Structures are given as structure tokens and as C-alpha cells.
Amino acid sequence: MNLHEMLENSLWGRNLSASELSRVLRECRERPVAAGHAIVRSGEPAEAWMGLITGFGKMSIGAPDGRETTLTSIAAGGWFGEGTLIKPGRSAIWQYDAVALRDCQIALLPRETFEYLRATSLPFNHYLQKLMSARMGQFIAQMSHDRLLNSTARVARCLASLFNPELYPEPKPFLDLRQAELAQLAGVSRQRANMALQKLAEAGLIELERRGVAVLDLAGLRAYLSAS
DNA sequence: GCATTAACACGTA
DNA sequence: TACGTGTTAATGC
């Protein structure tokens, strides 16, 4: 997968006119980010809309005491930063860190290009609405799960949320995801995530593998309740 | 009761 | 060796 392929296959790139697409292809930049390194840093000005060509990453926020929580993950084919980028002028400041969990190839669509598309392309605006709505829906679901479900169910829903096609264009049943990473995403300790995964495996919803999880029953994960 | 942190053993890339 | 996983013990609300 390279930048051009990614743009031409993306949900939004497909619907651009020939001249819009060629401008995007001309102005988009690429940058490799090694696993463990920052893609964007909280507090820095947002200069580009960010896409993941390859790799896997997370959006996270650190507390003053050093603890850290993951807000959501970012998979290949996904874009982020539109919410930050549409803030006016100098108030477009990253409100979170984005960190590469695996080696990543990042696409950077400059802010000016992003603004040009927003100003001229109705399909692009429709795409942005769908993306932002999907993101909002994900966070609403996350909040309600945090408040209403026990931690095993939260881990189940968390796994299921990684299969939203509007946010993660190419979902595969095998997730290359450490238990510690899933724990941060679900907001539980690694030990508790391990226990939850074993329960979900016993229930036949997933298969545990070293360094990852194979999802066997997505609908079952989405509907999982109780069994703490 | 349920979850957290710390610590340790074990197997593998 | 460093990392990922599975377990247990001590502790807190």
C-alpha cells in the first residue's frame, strides 16, 4: 500500500473530481513513524490532516501523575485530526497525543488543501460529516459502556468497536493487539484485560493468540453482557 | 466483591 | 535479552 493507492481507494478520495484528486495527490506528504514514537503531540499546532497508510496507532492522553489512557485506536486506511483542523486559525491545537504502536507510514494532507476541499467539495463535506458522526458515536458508546457495563463486557465492546468500517476501512478478524494495549483502550488493568479475554474465549467469541486476538463472533462481542 | 498495582515464572521472537 | 502472557499476593473502596 502506498500513498496514491490509499488516496484513490479511500472513502473520500474516490468521490473527488479529477482536478481535486490531482491537487490532493500533489500536495499530500508522507512520513514514516517508528513504533513507540509520536505522530502528533498534544499542545502542538495542527498543520495537516493525518492518515495512516500502513501501521497501527493510538490516540492517548496522559494525566499529570503519569498515568495514561487510550481514547481510540487508529488503523491503516483511517484518518484523524479533522475535528482539530476545523477550529479557526491558531486555535487548531492537538488535544491529544497520537502514538505509533507499530511502524507507521503517515499521510499528511496540508491544512490549506484540507480547507480547499472543505470549501469546494460537497462530497468531501458529506464524507467529513459521516466520519465525525461515526467518531462521535464511538465515543458515546464508549461512555455508556464505561458507565453501565462491567469490565469483561467493556473489553468485549472495545474489541467490537475496532470493527467499525467507517473508522477502520479494512477490518480483519485477527487483531495484532497486545493485551496491555487493549487494557489501555478499555480502561482496565492488564491483568483484568487478561481475565476478560479468557472469559470471552471460553464463551467462544474470540481465540487468544500470542500477540493478538482472533475475533470469531463479532455480533456476540457487540451484544456481550455481564458475566464478570 | 471487584479492581488495582507489584512481582514473578515461563516461553518465545 | 526483551517482551508478552498468565498468575498470585497485597491493598483499597
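These numbers come from a predicted model, not from an experiment. All chains are named by letter (A, B, ...) in the order of the sequence lines, taking the proteins before the strands, and each is independently numbered beginning at 1.
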Under 3.5 Å donor-acceptor pairs involving side-chain atoms of residues 33-48 of chain A, not counting sequence neighbours:
residue, atom, partner, partner atom, Å
His37(A), ND1, Ala34(A), O, 3.4
His37(A), ND1, Ala35(A), O, 3.4

For residues 69-80 of chain A, dump all side-chain donor-acceptor pairs below 3.5 Å to protein atoms at least two apart in sequence or in another chain.
residue, atom, partner, partner atom, Å
Thr72(A), OG1, Gln138(A), OE1, 3.1
Thr72(A), OG1, Gln138(A), NE2, 3.4
Thr72(A), OG1, Tyr168(A), OH, 3.1
Ser73(A), OG, Tyr168(A), OH, 3.4

Q) Atom CG of Leu175(A) to atom P of dG4(C): distance rounded to whole Å? A) 16 Å

Q.
Expressed as a whole number of angstroms, how long is the span from Asp65(A):CG to dT4(B):C1'?
A. 14 Å

(Q) Can you tell me if Ser189(A) touches the phosphate of dA3(B), counting only side-chain N or O atoms and a distance under 4.0 Å to OP1 or OP2? (A) no

Q | Residues that, via side-chain heavy atoms closer than 4.5 angstrom, fall in one hydrophobic cluster with Ile140(A) | A | Met136(A)

(Q) Arg111(A): which residues meet the side-chain contact (heavy atoms from CB on, under 4.5 Å) condition with it, sequence neighbours left out? (A) Leu85(A), Ala92(A)

Q | side-chain contact (heavy atoms from CB on, under 4.5 Å) involving Leu175(A) - partner list, sequence neighbours excluded | A | Leu159(A), Leu162(A), Phe163(A), Leu177(A), Val215(A)

Q.
At under 4.0 Å between heavy atoms, how does the protein contact nucleotides 5-13 of chain C? Give one character per nucleotide, 5' to 3', with B, S or -.
A. BBBB-----

